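Only a predicted model underlies this, so the values are computations on that prediction, with no experimental measurement involved. Proteins come first, then strands; the chains are lettered A, B, ... in the order of their sequence lines, and each starts at number 1.
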Protein chains: 2
Amino acid sequence: MDKRLIPNISVDAVVFGFDDFHLNILLVTRPVYHEGKNYIDWKFPGDLIRKDEDLDVSAERILYEQTGLQKIYLKQLKAFGDTNRLKRQPRDMTWLYAIDHPEERVITIPYFGLVNLSEDVDYKTSLNGNARWFPVDEVKDLPLAFDHRDIFTFALETLRNELRNQPLAFELLPPKFTLSQLQRIYEVVFEKKLDKRNFRKKIAGLRYIVPLHEKETEVSHRPAQLYMFSKDIYQKLHTRQFDFTI
Amino acid sequence: MDKRLIPNISVDAVVFGFDDFHLNILLVTRPVYHEGKNYIDWKFPGDLIRKDEDLDVSAERILYEQTGLQKIYLKQLKAFGDTNRLKRQPRDMTWLYAIDHPEERVITIPYFGLVNLSEDVDYKTSLNGNARWFPVDEVKDLPLAFDHRDIFTFALETLRNELRNQPLAFELLPPKFTLSQLQRIYEVVFEKKLDKRNFRKKIAGLRYIVPLHEKETEVSHRPAQLYMFSKDIYQKLHTRQFDFTI
DNA sequence: CCAAAAGTGTTAGGAGTACACCCATGA
DNA sequence: TCATGGGTGTACTCCTAACACTTTTGG
């Protein structure tokens, strides 16, 4: 194993991408040949961290190396450190052996990431070789490696909490967005239809969601007003509490 | 160093105790002789984890060994893993050398704990040797070791978030409590006076805060109604969202 | 002119806020 | 009888929720 790595500590990146209609999650393949059969499991991008590297930096580096994504919103979740977390399935061990992973206890620090997929076509289509976006409701049918299903569940819960309490929906949107796009995020994440008029009334009260002098183009219906999120205004007004309870 | 330990991973316990009037925090001394002087710094109870031990179990064990507290509410916070976190001060290194700590990168997983100090006199007075409760507003004047001030700030923020969104105030109270005690917790934690009538109106709507057929005794004023928190009722009613926003 | 999504106002009920006095007990 | 905290109601404002039709564009 690479001598620069700490054999006991890894990071994983649980990245959510929104493409205007679906919430997606970024996974990489973990192919393994075990007891005469080939298995394609999926896992989050992740690896052991380097000895001289801050956790946040590790997460950025590993995400970039394994998928090509960079400069996206990333935030640390809680550590997962059960003693048996890398041995849920016999083929988990086979894979670790195959990649020359030392026989060590590993705790992992998952990071939670957000990215917009609707415009930035690069992210959507040109991922590194083993990475793929999956709609979150298809994940339940995938074979996930190690304890990555637990991590996924926790990250999804965190996504809901964060969207309720912080202005993070904008990380899932392009810089200029319509109110319908914003509403759709909340509808998809909370799996709940929202009333258009009430939603807009609420947004109208938030000064940091700023209408631009610009409209949608090239849509075959009445073009929508475009808005932007002003971080400056948010920070000035909102030393306090955000509330997006639905 | 003890061969059973992982040299790169520690846990810390950030325990808040409420004694009916003040919010307190549990610290242990870190005495060190450095360049001809004696220093008494303070730190959170914490240590490296064992190779065969789940994180939660480590936290419970280490808290018990270093302070005597056990069976209290504990919840994991996020990891702190800056490369320089154990070297903020020259005497941090001196101490690590003195306790035969290997020259390794260590990330720490802090746990957030809650305990009631008003009745359970044991916790208040009979702590293990080096442990002491400090009112949180005195902590700013204490010399804290390593990055423990960052951890403290994060834990305090978490305490506020948790009390806003979950029925955790009861972990800071005895099993039978008065509404004034409950109100005082929110006043102290959020540093804000609350209106008694409005507070009680809000509580009256929460079915899981149950009045008992019992009153305070031996107080030199009108005795207060006692209440209990029913976890059962809470879980049945509240698959959803708690809101204690003030 | 049709399809598609954008945009807009009113009403009723519930929650939050501000505010002041009497009550029960021990000393 | 005094000191101490316990306990209670009302009015106003603001937020939430329910609900349906017209507008603008491209095809």
Ignoring hydrogens and angles, tell me if any N or O in the side chain of [X] forms a donor-acceptor pair with the backbone of [Y] under 3.5 Å.
X	Y	answer
B:D19	B:G17	no
B:Y186	B:L163	yes
A:Q66	A:G46	yes
A:E138	A:P135	no

*Select base, sugar-phosphate, or nothing to describe what B:T178 touches, counting heavy atoms under 4.0 Å on all strands.*
nothing
Rounding to a whole Å, what distance do you find between [X]:[atom1] and [N]:[atom2]?
X	N	atom1	atom2	result
A:Y186	D:dT16	OH	P	14 Å
A:E216	D:dG26	CD	P	11 Å
B:L206	C:dA15	CG	C1'	13 Å
A:D195	C:dT8	CG	P	14 Å
B:R164	C:dG16	CZ	C1'	16 Å
A:L212	C:dA6	CG	P	16 Å
B:K193	D:dG5	NZ	C1'	11 Å
A:K215	C:dA5	NZ	C1'	13 Å

*Kindly write out the residues that satisfy salt bridge (charged side-chain N to carboxylate O under 4.0 Å, His left out) with A:K215, not counting sequence neighbours, or none if the list is empty.*
none
_Test salt bridge (charged side-chain N to carboxylate O under 4.0 Å, His left out) applied to B:D41 - qualifying residues, sequence neighbours left out_ = B:R30, B:R91
_Given C:dG9, D:dT8, C:dG7, the nucleotide with the shortest approach to the side chain of A:R200_ = C:dG7
*Which nucleotide in the list D:dT8, D:dA20, C:dG7 gets nearest to the side chain of A:K196?*
C:dG7
*asked:* I want to know whether A:F177 and A:F170 have ring centres closer than 6.0 Å.
replied: yes
*Would you mind telling me which residue lines up with the more 5' stretch of DNA chain C, A:R197 or B:S220, judged by nearest nucleotide?*
A:R197
*side chain to side chain donor-acceptor pair (under 3.5 Å): pairs with one or both residues in residues 143-155 of chain A, sequence neighbours excluded*: A:R85-A:D147, A:R88-A:D150
_Pairs where residues 72-81 of chain B contributes a residue and the test salt bridge (charged side-chain N to carboxylate O under 4.0 Å, His left out) is met, not counting sequence neighbours_ = B:K75-B:E162
I'd like a table of atom pairs between the protein and nucleotides 10-15 of chain D - only N or O on both sides, under 3.5 Å - with the distance next to each one.
unit_1 : atom_1 : unit_2 : atom_2 : d
D:dT10 : O4     : B:K201 : NZ     : 2.9

*List in numerical order all residues of residues 221-230 of chain B for which some heavy atom is under 4.0 Å away from an atom belonging to DNA chain C.*
B:H221, B:R222, B:P223
